[in-house]
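For ligands, and for the atoms within them, numbers begin at 1 and follow the listed sequence. A quick note: this is a predicted structure, and the numbers were derived from the prediction, not measured. Numbers here simply count residues along the sequence, with the first being 1.
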Amino acid sequence: MNEKLYNVDAYAKNFESDVVSVSEKVYEKEQVYDIVLKNTCFFPEQGGQTSDTGFLYDTEGNAVFKVFHVAIEADVEHHLVKAGDVEDDLKADILNLKKVRGEINWEERYDKMQNHSGEHLVSGTVHRFFGYDNVGFSLSSENVTLDFNGTFTDEELDRVEKEVNKAVFENFEVVITYPSEEELKTLEYRSKKELTGEVRIVEYPGYDVCACCAPHVKRTGEIGLIKIVSAEHFKGGTRVTIRCGYRALADYGTKLSSCRSISKLLSVPVDEVAKGAAKLSEDSRALNFKINGLYAQILALKADSAKPEKTNIEGEECEALLIFDDCADMNTARKLVSDRIKPDQDKDNDKETAVGKLICIFIGDDEKGYSFCIGSGEIDCRKLLNTLKTGLNAKGGGSESMIQGSVVATESKIRSLFT
Ligand SMILES: [Zn+2]
């Protein structure tokens, strides 16, 4: 068996090793070189965590090979190098590699150590507070998600966040042990599966005891800030997203910069952007209400001044009021049509009514097409819908007294259907 240096020293960034084998294969539809080493610092993809990446330097030559993925098969790490990343004159060298110096991408690794360690504190604390298990875990360079078989209130998650950050500020040592089978029998620890053979136990004293194969930080202070950034319902439980250490710092930076931009736009202090946004939303609702009132008046004026067109709908003579507008919305159009097709109750009302006529409102423009709402007190509008569908390939539906839909055609094409 090869030696897993990442288990011996999580802080080892480089190492030297004999090469056990180099072979060519296809990995996820890509031609790769698969390099097995006597020992390695590269943590492979396992337990929900993506693998380390880095470089292998040929110690007997000048070649450098970029490791983009490390897989583990039968407890052996396979360091994969894309064939496309290896220059033609080095293809023979890579197949004859004897000794290498390996170097992992330390920034990426340390970031994962901070986030994996933070995950243990969160999962252990959730288990201690609420008895829920972590039933799914994913840690990549972009995201950390924890799936729990239970649900939380916002206050409960705040409580968890406070507790785990307390552990960070206490800056205590993380204890890693390999208990005997006998000791394991009496030890209470979290584990996702039944374990056999040597079990690596990672303990955050007072907060969590868990079987785990991944590299952790030495002391909790190194994790840095732990932020729970979202929680959503997932498979009957909750998917929690966290950010720890440098990621939490970057996240704070991104969010603060957003808040500053909003603060400038709204002319309110950074701490009051939520209040400012609420006021803006309220103002915008009031403004929309006013605008819709104006649109309603404009449409009504257009309806009153429109000259009725004599038309023939499937053999039936009638008059149609055609109104085109590029601003009003369909709710306003619908309301006007529905008002105008009611029998005229006020005989003195000099409004142009649509009883015995068709009132046709088209909202849109020649480029994008039109949405329409058409109504009548007497004529079966569905007949007109047929004409629109056959003549202009319109889409829509409705009842005898009102139809709605959309049509991609110019105003003159639509008008020509009525004349
Ligand atoms: Zn773990």
Has Cys212 got an N/O/S atom less than 2.8 Å from the Zn ion (ligand 1)?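 An N, O or S atom of Cys212 is closer than 2.8 Å to the Zn ion (ligand 1), so yes.
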For a distance under 2.8 Å, tell me if Cys213 has an N/O/S atom near the Zn ion (ligand 1).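 Checking Cys213: none of its N, O or S atoms is under 2.8 Å.
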Side chain to side chain contact (heavy atoms under 4.5 Å, CB included), paired with Leu37, selected from Val22, Asp18, Leu56, Val20: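 Exactly one pass, corresponding to Leu56.
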Centroid-centroid under 6.0 Å between His120 and Tyr207 rings: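 Ring centres of Tyr207 and His120 not closer than 6.0 Å.
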Between His69 and Tyr27, ring centroids under 6.0 Å: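 Ring-ring flag for His69/Tyr27: true, centres closer than 6.0 Å.
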Just checking, is any N or O donor in the side chain of Thr332 or Asp329 under 3.5 Å from an acceptor N or O on the other one?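 Judged by distance alone, the side chains do pair up.
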Starting from the Zn ion (ligand 1), look over the N/O/S atoms of His120 and name the nearest one.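 When I compare the N, O and S atoms of His120, NE2 is nearest to the Zn ion (ligand 1).
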